[in-house]
Q: 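A single structure is presented below for examination.
What's counted below: heavy atoms across the whole structure, side chains too, no hydrogens, waters or symmetry copies. Per chain, numbering begins at 1; letters A, B, ... match sequence-line order.
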2 protein chains.
Amino acid sequence: MLTVSVENYLKAILHLQVEGEERVSTTAIAQKVASTPASTSAMLTKLGERGWLEHQPYHGVRLTKKGQRVAMDILRRHRLWECFLVDHLGFEWDQVHEIAEELEHVGSVELINRLDAFLGFPKLDPHGDVIPGANGRFRSVAARTLLTEAPRNLELVVVGVVDGGDAFLRHLGVLGIQLGTRMTVMERLSFDGSLHIKYPDEEEVQLLAPSVGQRLWVDQSSPSPEIVFPEEEDLQ
Amino acid sequence: MLTVSVENYLKAILHLQVEGEERVSTTAIAQKVASTPASTSAMLTKLGERGWLEHQPYHGVRLTKKGQRVAMDILRRHRLWECFLVDHLGFEWDQVHEIAEELEHVGSVELINRLDAFLGFPKLDPHGDVIPGANGRFRSVAARTLLTEAPRNLELVVVGVVDGGDAFLRHLGVLGIQLGTRMTVMERLSFDGSLHIKYPDEEEVQLLAPSVGQRLWVDQSSPSPEIVFPEEEDLQ
DNA sequence: ATTAAAGTTTAGGCAAGACTAAATATGAAT
DNA sequence: ATTCATATTTAGTCTTGCCTAAACTTTAAT
């Protein structure tokens, strides 16, 4: 049965897997779903029995194809609702996460497909994250790089953030950075990777901490070629 | 705590109360929420302790102001979502109930108020039922409405006809309808919009063609005690 | 006034999902 | 190879919300 709790576990595991871990640890999952390792361990056993993941005791967990498909659907619902909240109800991008966390558990497939169409089949949510399509695969998006890895002396545009936590988003607000902000990396300091940033209409150069630069997706401010994201076989 | 289960009980009780029962019986509630009388009894005790209703053992239940306010909010959410599903996602009015049953439990007040504004503060949902406003009270319906657009389960009085041609008026005579006739819309058929009409002193329900319903102006017959539109002070 | 039917509550259980505390496995450092 | 800190699982409870079966009230009919 796909309860809210089960959906939250699957979603958490997908996130951790996408962040690069081959096998995901019990403790990491427990932290993500704000539960204890003990509770999580029990849940993982159950999810394993039901075929959503492989649980190798003491060595973490990996989603099966079936589990991954379910988790991608939840991600899809979450991100489509975020689009709706920002584009049509006028919320700010840092206000929508909690609400979308609830909306994402409303199960109707018909509902979400119609919402998708209503929104015009968006590719990115308000945080710049890729939205899976109805087939459970990521839609292709424009190329993007982390700000810390972007070339210097080239005008860039902010197209996404890596960690959409409220604190970080608010910090961006303080810095005057949002999706669509244009900037150019002038210099990268060897000391700690801080960046000298120049904004189009300002003379002053701003110093940006690496912790921020590592979490900003940017693209060339002029159109760039498209790249394709994971195909079916990548997701098994 | 306002769990989904609790919300469903409160909603069921409000529905039964609005349908006219002074005190609502355990069995009736059990039927509405598809549970057993035993489970329901236990739940009613709990809801009583938490101040949402008065539970007089063996003699049914009545919502407190506080409970009524909560239930009205759920009704509001349900009906607003139904508007959204029909008006913007293109669902038919007979497909939206189940989906709205899920959406109604998403709690954010901000969300629902913005949705309300987005929809243009509608007064009636796609089934012709009245939508409570942000203050937890039913919105007053325009002084006169077409019968086809009037809310259900509310006694109406015929106050005018749109096309006063002889043929139409003679037809009304055959049907036994004239200015001042009282009636209640019980059901609106999705097939062609025909209406099931109930007259005060008759058992039989009459089927009225949409061509007639579209030409009759109606108004609330008189503030009826069952569907008193609760005032602010009633809801403390 | 008595009694039977109908309605309601109590008693005793079960499943899901969480917790703490205790036991056990792993892996890194000696 | 042994030891120890850390990660994980097991054991035992708790709460919520549901169930069935049994006991008890109320009400309506004799």
Side-chain angles (χ1 to χ4, degrees), chain A residues 1-13 15-17 19-63 67 70-71 74 101-102 104-105 107, chain B residues 1-13 15-17 19-63 67 70-71 74 101-102 104-105 107:
Chain A
M1 202 70 242
L2 269 180
T3 63
V4 169
S5 184
V6 165
E7 289 196 346
N8 281 334
Y9 275 96
L10 293 175
K11 187 181 56 161
I13 296 165
H15 270 123
L16 292 166
Q17 251 179 229
E19 278 169 23
E21 302 307 317
E22 176 58 25
R23 306 203 130 260
V24 180
S25 78
T26 303
T27 317
I29 299 166
Q31 231 172 305
K32 263 266 203 262
V33 301
S35 171
T36 61
S39 309
T40 302
S41 186
M43 179 59 93
L44 294 181
T45 305
K46 200 177 74 179
L47 296 183
E49 285 164 1
R50 306 214 178 151
W52 284 312
L53 50 78
E54 283 166 46
H55 182 206
Q56 201 170 332
Y58 291 99
H59 293 88
V61 122
R62 178 139 200 94
L63 291 177
V70 172
I74 300 161
E101 292 266 278
E102 291 193 63
E104 74 190 1
H105 299 296
Chain B
M1 202 72 246
L2 270 180
T3 63
V4 169
S5 185
V6 165
E7 289 196 346
N8 281 333
Y9 275 95
L10 293 176
K11 186 181 56 161
I13 296 165
H15 269 122
L16 292 166
Q17 251 179 230
E19 279 169 22
E21 303 305 317
E22 177 57 25
R23 304 203 130 258
V24 181
S25 78
T26 303
T27 318
I29 299 167
Q31 232 172 306
K32 263 268 206 266
V33 302
S35 171
T36 61
S39 309
T40 302
S41 187
M43 179 60 93
L44 294 181
T45 305
K46 201 176 74 178
L47 297 183
E49 284 164 0
R50 306 213 178 153
W52 285 312
L53 49 79
E54 285 166 45
H55 182 204
Q56 199 170 334
Y58 291 101
H59 294 86
V61 122
R62 179 140 199 93
L63 291 176
V70 172
I74 300 162
E101 293 265 280
E102 292 192 64
E104 74 190 3
H105 299 296

Q: Just wondering, do Leu63(A) and Val24(A) contact through their side chains at under 4.5 Å, heavy atoms?
A: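 They are not in side-chain contact.
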Q: Describe the nucleic acid contact of Ser25(B) in one word from base, sugar-phosphate, nothing, applying a heavy-atom distance below 4.0 Å.
A: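 Touches sugar-phosphate only.
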Q: Can you list, pair by pair, the side-chain donor-acceptor contacts under 3.5 Å of residues 34-41 of chain A, counting residues two or more places apart and other chains?
A:
{"residue": "Thr36(A)", "atom": "OG1", "partner": "Ser39(A)", "partner atom": "N", "Å": "3.2"}
{"residue": "Thr36(A)", "atom": "OG1", "partner": "Ser39(A)", "partner atom": "OG", "Å": "2.9"}
{"residue": "Thr40(A)", "atom": "OG1", "partner": "Thr36(A)", "partner atom": "O", "Å": "2.8"}

Q: Once each nucleotide of nucleotides 13-25 of chain C is scored for protein heavy atoms under 4.0 Å, what B/S/- sequence comes out, 5' to 3'?
A: ---SSSBBB---S
Q: By salt bridge (charged side-chain N to carboxylate O under 4.0 Å, His left out), which residues pair with Glu102(A), not counting sequence neighbours?
A: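 Counting only residues at least two positions away or on another chain, Glu102(A) forms no salt bridge (charged side-chain N to carboxylate O under 4.0 Å, His left out).
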Q: In the structure I gave you, are the side-chain heavy atoms of Thr26(B) and Val61(B) within less than 4.5 Å of one another anywhere?
A: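 When only atoms from C-beta onward are counted, Val61(B) and Thr26(B) do not touch, as no gap falls below 4.5 Å.
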Q: Restricting to pairs with a member in residues 26-41 of chain B, which pass salt bridge (charged side-chain N to carboxylate O under 4.0 Å, His left out), not counting sequence neighbours?
A: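 As it turns out, the salt bridge (charged side-chain N to carboxylate O under 4.0 Å, His left out) pairs with a partner in residues 26-41 of chain B, which skip direct neighbours, are Glu19(B)-Lys32(B).
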Q: Please enumerate all residues that pass side-chain hydrogen bond (donor to acceptor under 3.5 Å, both in side chains) together with Gln17(A), with sequence neighbours excluded.
A: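 Listed in chain order: nothing, the list is empty.
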Q: Please table the atom pairs, donor to acceptor, closer than 3.5 Å between any side-chain atom in residues 49-59 of chain B and protein atoms at least two apart or in another chain.
A:
{"residue": "His59(B)", "atom": "ND1", "partner": "Pro57(B)", "partner atom": "O", "Å": "3.2"}

Q: Run the side chain to side chain contact (heavy atoms under 4.5 Å, CB included) test against Glu101(B) and tell me which residues pass, sequence neighbours left out.
A: Lys11(B), His78(B), His97(B), Glu104(B)
Q: Using chain A heavy atoms and a threshold of under 4.0 Å, write down where along DNA chain D the contacts begin and end, 5' to 3'.
A: dA7(D) to dT10(D)
